[in-house]
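Predicted model, so just to flag it, every value in this text is computed and none were measured. Note that the numbering runs from 1 along the sequence shown for the chain. When reading the values below, keep in mind they use all heavy atoms of this one structure, side chains included, and skip hydrogens, waters and symmetry mates.
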Amino acid sequence: MKKDIGFADVINLILAIWLFLSPWIVGITGLMPAAWTAWLTAIAIAIFAIAALAAFAEWEEWINLILGLWLAVSPWAVRVASNHAATMVLSLTGIAVAVLAALELWMLYRTPPRLTAT
């Protein structure tokens, strides 16, 4: 399937860059589970965003949705939820990635409105 514009993929790439740099920006490099989660997930999001920009495939959006959901719950999964900065960075970035992927999937599967004669 082909898509006209990759705005969500460009935003995902920007979010991946933010996520990769965020441990240094917000000062959580000493909190290794949060930092490694940010770095590794950022690399994965960036890879799939670049792949989607090169040639759109539906499965890339599903993977981004999964990565976003993982990132949103990761502060509790890796037990860093007590750190406010780590929780905000990981959760909010994850929600943004998941919402973008869900919107892309919705736009892919939505049915156009029917024209009715009046």
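Taking the ring-ring contact (aromatic ring centres under 6.0 Å, His included) definition, one finds that Trp62 meets it with nothing, sequence neighbours left out. Judged as a side chain to side chain contact (heavy atoms under 4.5 Å, CB included), and not counting sequence neighbours, the contacts of Met88 are His84, Leu92. In terms of the side chain to side chain contact (heavy atoms under 4.5 Å, CB included) criterion, residue partners of Ile11 (sequence neighbours excluded) are, by chain and number, Phe7, Leu15, Leu100. Not counting sequence neighbours, the partners of Leu69 by the side chain to side chain contact (heavy atoms under 4.5 Å, CB included) test are Leu65, Ala98.
Rounding to the nearest 0.5 Å places CD of Glu60 at 7.5 Å from CG of Asp9. Interatomic distance, CH2 of Trp70 versus OG1 of Thr37, reported as 5.5 Å (0.5 Å rounding).
Transitive grouping of hydrophobic side chains (ILVMFWY, heavy atoms separated by less than 4.5 Å) brings Trp36 and Val97 into a common cluster. Residues Leu67 and Ile50 do not share a hydrophobic cluster, defined by chaining ILVMFWY side chains whose heavy atoms lie under 4.5 Å apart. The cluster map of Ile, Leu, Val, Met, Phe, Trp and Tyr, joined by side-chain heavy atoms under 4.5 Å apart, puts Ile63 and Ile43 in the same cluster.
Side-chain atoms of Leu108 and Glu58, non-hydrogen and from C-beta on, do get closer than 4.5 Å to each other.
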Which side-chain N or O atoms in residues 73-80 pair as donor and acceptor under 3.5 Å with protein atoms at least two apart or in another chain?
residue: Ser74; atom: OG; partner: Leu71; partner atom: O; Å: 2.9

Please set out all donor-acceptor pairs under 3.5 angstrom arising from side-chain atoms of residues 16-32, sequence neighbours excluded.
residue: Trp18; atom: NE1; partner: Thr93; partner atom: OG1; Å: 3.2
residue: Ser22; atom: OG; partner: Leu19; partner atom: O; Å: 2.8

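Across all their heavy atoms, Ala72 and Ile95 have their closest contact at CB-CG1, 4.1 Å.
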